[in-house]
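Quantities reported herein were computed from a predicted structural model and do not represent experimental measurements. Every chain is numbered from 1 and lettered A, B, ... according to where its sequence line falls, protein lines coming before strand lines.
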Number of protein chains: 2
Amino acid sequence: MIGFETHDHSHCIATGVAAADARCREAGLRLTETRRRVLEILLERHRAMGAYEVLEVLGKGAKPPTAYRALDFLVKNGFAHRIERLNAFIACAHPGEDHAPAFLICRGCDAVAEAPSEATKGRLGEAARKVGFRIERAVVEAVGLCPKCQDAA
Amino acid sequence: MIGFETHDHSHCIATGVAAADARCREAGLRLTETRRRVLEILLERHRAMGAYEVLEVLGKGAKPPTAYRALDFLVKNGFAHRIERLNAFIACAHPGEDHAPAFLICRGCDAVAEAPSEATKGRLGEAARKVGFRIERAVVEAVGLCPKCQDAA
DNA sequence: CTTGATATGTTATATTGTAACGACTATCAA
DNA sequence: TTGATAGTCGTTACAATATAACATATCAAG
């Protein structure tokens with residue numbers, strides 16, 4: 001799990017973009033300038049960002065659809081995730097792997113950690129099967145306090 | 001679990017409102033006319049409704065804050081839940097019990113079932129403890145197809 | 001009845017997200 | 001090369017969701 005500990009940012013950014021690049025080449029997807037730039041922005045900040053916040057960083061008088069299109073592309077192809085609870089987006093911490101993550105969201109500092117999720121395997125999966133519901137995608141978002149914010153309080 | 005099967009609606013509404021009434025009395029909360037009406041609306045429809053949809057049903061030229069305030073009250077006190085993924089609200093299926101539910105959301109017909117959640121107990125809970133994150137609340141929303149919509153497809 | 005807390009009505013505005021359309025670009029096949 | 005096609009982008013306008021702020025009204029306790 002990639003969590004709240006500090007770490008080497010520049011490495012994150014480099015591997016994140018490289019992974020997206022590689023995966024796009026092999027899948028025939030186009031990692032265009034705007035898309036790459038938005039991914040970099042998410043990786044640099046390394047936290048959940050709203051679409052309009054990304055838009056500001058893009059500058060150049062970019063309009064909402066520009067940000068939303070790039071973000072949609074990144075989310076659809078697994079390079080970023082949408083955090084429903086925050087109406088925000090965050091770079092994926094495990095680019096390339098096929099996964100349905102869970103998130104730990106700190107309500108103090110808005111940091112977001114990505115954890116492996118097995119929502120469809122546990123009792124929720126059982127309950128779903130029992131009533132004949134077919135789960136396609138699961139959103140798991142836990143809100144609480146990260147270690148730093150617990151200390152601060 | 002309360003799911004996709006058909007059932008006696010009027011019973012739902014009666015018990016839902018009664019439970020809220022009882023719980024408010026014992027907790028010193030005020031289930032005012034608007035709040036009661038909004039709860040009834042959610043119970044009648046028995047599906048996730050947007051705040052503006054509730055507002056329309058309220059009629060009488062009600063303005064957004066009226067709906068949001070009532071919904072906030074109901075959510076805060078456990079009589080309704082917010083479905084992040086849909087920006088919508090649904091009456092609680094287990095009024096009175098203290099619980100952190102998971103939801104099964106059908107993308108075909110927008111029906112929502114409430115299932116017991118144990119997000120903080122399973123591996124997510126372990127992962128959180130491991131990094132020192134204290135979970136306060138968990139949102140679990142699974143998107144997929146309910147039995148009826150699977151048949152239709 | 002007064003007081004303090006809570007709830008409501010109202011206006012205005014903030015935030016988040018899309019529809020629609022025309023122009024441009026990459027790719028591929030004839 | 002040319003044209004066909006699908007995907008992408010810039011732009012305008014707007015839709016949908018949510019909240020701030022402030023005046024008024026209501027309730028419950030002393």
Side-chain angles (χ1 to χ4, degrees), chain A residues 20-21 23-39 41-42 47-77 79-90 105 107 110 112 139 141, chain B residues 20-21 23-39 41-42 47-77 79-90 105 107 110 139 141 143:
Chain A
D21 231 339
R23 201 148 124 63
C24 282
R25 249 198 313 279
E26 83 187 37
L29 300 169
R30 293 159 60 187
L31 187 63
T32 61
E33 188 47 37
T34 304
R35 290 168 176 175
R36 176 193 305 268
R37 185 78 195 94
V38 169
L39 178 56
I41 290 170
L42 290 180
R47 60 183 174 76
M49 298 179 74
Y52 279 72
E53 201 181 348
V54 169
L55 201 55
E56 270 186 20
V57 181
L58 273 178
K60 302 180 200 169
K63 314 290 182 201
T66 299
Y68 280 103
R69 282 166 179 163
L71 289 166
D72 284 351
F73 172 87
L74 295 174
V75 168
K76 191 163 85 181
N77 297 109
F79 306 129
H81 301 290
R82 179 183 169 87
I83 310 291
E84 300 287 346
R85 169 135 194 109
L86 301 177
N87 292 332
F89 302 83
I90 191 166
I105 305 169
R107 67 172 166 77
D110 276 0
V112 176
V139 172
E141 299 176 359
Chain B
D21 231 340
R23 203 149 121 62
C24 281
R25 249 198 312 280
E26 83 188 37
L29 300 169
R30 290 158 63 186
L31 187 61
T32 62
E33 189 47 39
T34 304
R35 291 168 176 175
R36 175 192 306 267
R37 184 78 195 96
V38 169
L39 178 56
I41 290 169
L42 290 179
R47 58 183 174 76
M49 298 179 74
Y52 279 73
E53 201 180 346
V54 169
L55 201 55
E56 272 186 20
V57 181
L58 272 178
K60 302 181 199 169
K63 315 289 183 201
T66 298
Y68 280 103
R69 283 167 180 162
L71 289 166
D72 285 351
F73 172 86
L74 296 174
V75 168
K76 191 163 86 179
N77 297 110
F79 306 129
H81 301 291
R82 180 185 168 87
I83 311 289
E84 299 288 346
R85 169 137 193 108
L86 302 176
N87 291 332
F89 302 83
I90 190 165
I105 305 168
R107 67 171 167 76
D110 275 1
V139 172
E141 299 177 359
V143 177

Looking only at atom types and distance, does a side-chain atom of A:R37 sit under 3.5 Å from a main-chain N or O of A:L58, one as donor and one as acceptor?
no

Is a donor on one side and an acceptor on the other found under 3.5 Å between the side chain of B:E84 and the backbone of B:V139?
no

Could you tell me the separation between the OH atom of B:Y68 and the CG atom of B:L55, rounded to the nearest 0.5 Å?
8.5 Å

Taking five pairs at each terminus, the helix from C:dC1-D:dG30 to C:dA30-D:dT1 shows an axis bend, to 10°, of 30°

Where each residue is assigned the nucleotide of DNA chain C containing its nearest heavy atom, which of B:R30 and B:G61 is assigned the position nearer the 5′ end?
B:R30

Nearest 0.5 Å, what's the CD-CZ distance between B:E53 and B:R47?
4.5 Å

Walk along DNA chain D from 5' to 3' and tell me the first and last nucleotide with an atom closer than 4.0 Å to a non-hydrogen atom of chain B.
D:dT17 to D:dC27

Starting at atom CD of A:E33, determine the distance to atom C1' of C:dC24, rounded to an integer number of angstrom.
17 Å

Check: A:L31 and A:R25 side chains under 4.5 Å, non-hydrogen atoms:
no

Rounded to the nearest angstrom, tell me the gap between atom CD1 in A:I83 and atom C1' in C:dT16.
16 Å

As an exercise, state the distance from CG of A:L71 to OG1 of A:T66, rounded to the nearest 0.5 Å.
10.5 Å

Across nucleotides 17-23 of chain C, 5' to 3', mark each nucleotide with B, S or - according to how protein heavy atoms within less than 4.0 Å reach it.
BBBBB--

Spacing of CZ belonging to B:R69 relative to OG1 belonging to B:T32, to within rounding of 0.5 Å:
11.0 Å

Check for a donor-acceptor pair, side chain of B:R23 on one end and backbone N or O of B:N77 on the other, with a separation under 3.5 Å.
yes

Starting at CZ of A:F73, measure out to OG1 of A:T34 and round the result to the nearest 0.5 Å.
11.5 Å

Any chance you could measure A:L86, atom CG, to A:D110, atom CG, to the nearest 0.5 Å?
6.0 Å

